[in-house]
Student: 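One structure, as structure tokens, below. Some questions next.
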Amino acid sequence: MALAEIYRTPLTGLHFGQSLIERPLTEKQDPTLVPNLLNQPSTKVLLISGGGAATSGTELFFLDGTQYRAKDSERQVYLGRAAGTEYVLAIVDAEDYATSGIDRWVTLREGFTVLRELHAELFVEAQAIANWIRSEKFCPRCGSPVVAATFGWGQRCVENDHELFPRTDPAIIASVIDSQDRLLLGSNATFKHRMYSVLAGFVEAGESLESAVRREIYEESGVRVGDVAYRGSQPWPKPRSLMLGFAAEALSEELVPDGAEIMDLRWFTRAELREALESGTIDIPRGVSIAHALIRTWYGEPLPEALSK
């Protein structure tokens, strides 16, 4: 598929582009909302501990509102409504729930490959707000302790009543395609063995998204980029990112891994990628990730799994 055609083609398999969750209106205040929901058996309470969510099999694990008994150390956040069900997040200590029927605590990266779309979206939302609450324990303006506000989506400092809300950091992720219609994939230093993906990086202060694509791709691979086209976005709370997807035209083909973040780089034709995936030589991001959607759109059909699986 030529780059010009990809520009005109909707991104295949992009999840969270249209949210399945009706989120709370965070400019409103109602201190009774969460306590009232936790008195309802129809309310589902999602448990997050550290970097993991409670699961049962391949589904998220929920307590109903009347089963959940909040501890003093726990925080609750109203996540919103989906398909007529209200969801509340509880930020907990996993050790306190060892006998609650939980199979295991799954990281977001694991969850993206197995959870259905609604559960994956709930996990992303819950992990993002939980990360912020755990890290923002004091007011950055005056240093005083903070307390929950706005259904858990905000915090207020106890001394000067400063309002605090979560910050989102933009990051680009791009499918880079050369004149031979090959796709650039790289192996990041943080990836598990044999994992390759499209390249990504954070947007710097005062930088446009298009400039960030060109700079990041050149820094990580040595490839010069010309035209870029926006494809779609997806939240990724590691720690609080919004991934902005692009397709990009490669103006050069020589590959120079930066040796710090990117350890290996390869151009792939579709036949080469299919052979590498089927043989298990490499793997790529799966599930609902925007990386998979970008690769899948270039590939043009469902991507193969290793034949040994």
Side-chain angles (χ1 to χ4, degrees), residues 16-40 42-54 60 62-63 65 68-82 84-94 96 108 111 118-171 202-203 205 233-244:
F16 314 152
Q18 182 172 342
S19 178
L20 301 176
I21 305 166
E22 182 183 339
R23 296 183 181 229
L25 299 175
T26 52
E27 65 269 21
K28 293 188 175 182
Q29 298 286 341
D30 182 358
T32 68
L33 175 64
V34 172
N36 287 343
L37 287 175
L38 293 176
N39 283 324
Q40 302 296 323
S42 58
T43 299
K44 291 185 179 294
V45 181
L46 169 61
L47 307 178
I48 291 280
S49 177
L60 288 178
F62 299 96
L63 294 172
Y68 173 68
R69 292 292 180 265
K71 298 173 177 60
D72 291 341
S73 60
E74 297 177 354
R75 289 280 294 273
Q76 298 82 36
V77 180
Y78 176 46
L79 296 176
R81 179 186 299 108
T85 298
E86 307 282 2
Y87 291 90
V88 172
L89 161 67
I91 304 170
V92 305
D93 185 336
D96 294 332
L108 186 59
L118 173 59
H119 283 200
E121 185 178 351
L122 285 166
F123 194 172
V124 168
E125 180 184 349
Q127 189 70 73
I129 194 67
N131 287 348
W132 176 68
I133 287 171
R134 281 192 295 260
S135 64
E136 200 88 351
K137 296 182 181 297
F138 300 94
C139 177
R141 295 172 63 182
C142 67
S144 65
V146 297
V147 294
T150 324
F151 322 131
W153 283 86
Q155 303 196 91
R156 290 180 181 274
C157 73
V158 298
E159 293 295 331
N160 297 295
D161 208 33
H162 295 143
E163 287 187 300
L164 309 175
F165 292 97
R167 191 183 84 197
T168 296
D169 296 329
F202 285 103
V203 180
S233 66
Q234 189 177 82
W236 180 249
K238 294 288 187 178
R240 49 176 171 259
S241 305
L242 177 64
M243 305 303 297
L244 298 145

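The figures here come from the full heavy-atom set of this structure, side chains too, leaving out hydrogens, waters and symmetry mates. Note that this is a predicted model, so its numbers are computed, not measured.
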Student: Grab the two heavy atoms, one from I48 and one from A130, that are nearest each other, plus how far apart they are.
Tutor: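 For I48 and A130, the tightest heavy-atom pair comes out as CG2-CB, 4.0 Å.
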
Student: Report yes if the side chains of L108 and P237 come closer than 4.5 Å at any heavy-atom pair, otherwise no.
Tutor: yes

Student: With sequence neighbours left out, what residues match F62 under ring pair (Phe, Tyr, Trp, His ring centres under 6.0 Å)?
Tutor: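 F62 satisfies ring pair (Phe, Tyr, Trp, His ring centres under 6.0 Å) with Y87, H119 only.
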
Student: Looking at every non-hydrogen atom in both residues, tell me the closest pair between Q155 and I133 and how far apart they are.
Tutor: NE2-CA, 4.2 Å

Student: Could you tell me which non-hydrogen atom of L37 sits nearest to which non-hydrogen atom of T43, and how far apart they are?
Tutor: O-OG1, 2.7 Å

Student: With sequence neighbours left out, which residue pairs that include part of residues 129-140 fulfil the side chain to side chain donor-acceptor pair (under 3.5 Å) condition?
Tutor: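 Every pair satisfying side chain to side chain donor-acceptor pair (under 3.5 Å) with a residue in residues 129-140: Q127-N131, N131-R134.
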
Student: For R69, check side chain to side chain contact (heavy atoms under 4.5 Å, CB included) against everything at least two apart and list the hits.
Tutor: none

Student: Using the test side chain to side chain contact (heavy atoms under 4.5 Å, CB included), find all partners of T32 that sit at least two apart in sequence or belong to another chain.
Tutor: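 Residues passing side chain to side chain contact (heavy atoms under 4.5 Å, CB included) with T32: D30, N36.
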
Student: How long is the gap from CG on L63 to CG on L46, to the nearest 0.5 Å?
Tutor: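 It is 9.5 Å, given to the nearest 0.5 Å.
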
Student: Checking N160 now: which residues fulfil side chain to side chain contact (heavy atoms under 4.5 Å, CB included) with it, not counting sequence neighbours?
Tutor: C142, C157, H162

Student: Check G52 against F123 and note the closest heavy-atom contact, atom names and distance.
Tutor: C-CZ, 4.3 Å

Student: Any chance you could measure I129, atom CD1, to L89, atom CG, to the nearest 0.5 Å?
Tutor: 8.5 Å

Student: Run the side-chain hydrogen bond (donor to acceptor under 3.5 Å, both in side chains) test against Q234 and tell me which residues pass, sequence neighbours left out.
Tutor: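 side-chain hydrogen bond (donor to acceptor under 3.5 Å, both in side chains) check on Q234 returns nothing, list empty.
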
Student: Under 4.5 Å between any side-chain heavy atoms of L79 and I21, yes or no?
Tutor: no

Student: Could you list the residues that satisfy salt bridge (charged side-chain N to carboxylate O under 4.0 Å, His left out) with E86, not counting sequence neighbours?
Tutor: R81

Student: Please identify each residue that fulfils salt bridge (charged side-chain N to carboxylate O under 4.0 Å, His left out) with D169, with sequence neighbours left out.
Tutor: R167, R240

Student: Check side chain to side chain contact (heavy atoms under 4.5 Å, CB included) between P170 and all other residues, then give those that pass, not counting sequence neighbours.
Tutor: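 Per chain and number, P170 pairs via side chain to side chain contact (heavy atoms under 4.5 Å, CB included) with V203, L244.
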
Student: Run the salt bridge (charged side-chain N to carboxylate O under 4.0 Å, His left out) test against R156 and tell me which residues pass, sequence neighbours left out.
Tutor: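 R156 satisfies salt bridge (charged side-chain N to carboxylate O under 4.0 Å, His left out) with D161, E163 once adjacent residues are dropped.
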
Student: Under the side-chain hydrogen bond (donor to acceptor under 3.5 Å, both in side chains) test, which residues partner S19, sequence neighbours left out?
Tutor: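 Applying side-chain hydrogen bond (donor to acceptor under 3.5 Å, both in side chains) to S19 gives E121.
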
